[in-house]
Enquirer: 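Pasting a structure here, questions to come.
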Amino acid sequence: MTVTYLPDAANGISTGTGGYLAPAQHGPRQGGYDVFQRATEEALGRAGVRVRWIEDWDYPHYVGTAGGDIHCVCVTNVQRDLGGTTPWWRPAR
């Protein structure tokens with residue numbers, strides 16, 4: 001079995017209100033800041049998204065689900081209502 005060393009910032013959860021809950025990165029630090037977290041905040045910030053970092057190193061990333069992150073159903077059990085959205089594969093009307 002293999003497990004990623006770093007949690008994946010893409011494996012977070014959008015709040016649907018301009019917020020994004022992302023697993024803390026535990027990356028290299030420069031000037032007191034995690035460089036991966038800062039890059040993610042800058043990129044998503046340009047789209048008007050605020051990132052909130054969630055500590056998930058012990059569970060689920062490393063131990064709980066053998067490499068999952070906070071988006072995994074076994075952790076957040078998120079249910080979404082997509083009734084008001086148009087699927088990306090269908091043309092907008």
Side-chain angles (χ1 to χ4, degrees):
M1 172 176 65
T2 60
V3 176
T4 59
Y5 182 70
L6 296 172
D8 189 352
N11 288 341
I13 299 171
S14 172
T15 64
T17 60
Y20 185 69
L21 307 175
Q25 294 300 285
H26 300 277
R29 300 181 76 77
Q30 184 177 40
Y33 295 98
D34 183 300
V35 296
F36 296 149
Q37 286 186 190
R38 178 168 273 177
T40 302
E41 290 168 356
E42 289 173 359
L44 292 178
R46 288 191 293 272
V49 176
R50 296 175 318 275
V51 180
R52 300 294 179 253
W53 298 102
I54 308 296
E55 181 56 60
D56 77 339
W57 182 259
D58 290 333
Y59 181 85
H61 175 72
Y62 188 67
V63 178
T65 60
D69 283 315
I70 62 173
H71 77 291
C72 297
V73 174
C74 61
V75 176
T76 56
N77 203 17
V78 174
Q79 296 181 1
R80 296 173 178 90
D81 177 10
L82 301 176
T85 62
T86 301
W88 61 267
W89 61 90
R90 294 190 184 143
R93 296 179 187 186

Enquirer: Would you say the side-chain atoms of Asp34 pair up with the backbone N or O of Gly27, donor to acceptor, closer than 3.5 Å?
Expert: yes
Enquirer: Can you name the closest pair of heavy atoms from Gln30 and Val35 and give their distance?
Expert: CB-CG1, 3.6 Å
Enquirer: Nearest heavy-atom pair of Ala9 and Ala22: which atoms, and what distance?
Expert: O-CB, 4.1 Å
Enquirer: Nearest 0.5 Å, what's the CD1-CG distance between Ile54 and Leu21?
Expert: 5.0 Å
Enquirer: Would you say His26 and Gln37 are linked by a side-chain donor-acceptor pair, where the criterion is simply a distance under 3.5 Å?
Expert: no
Enquirer: Other than Leu44, which residues form its hydrophobic cluster under the rule that side-chain heavy atoms must be closer than 4.5 Å?
Expert: Tyr20, Val49, Val51, Trp53
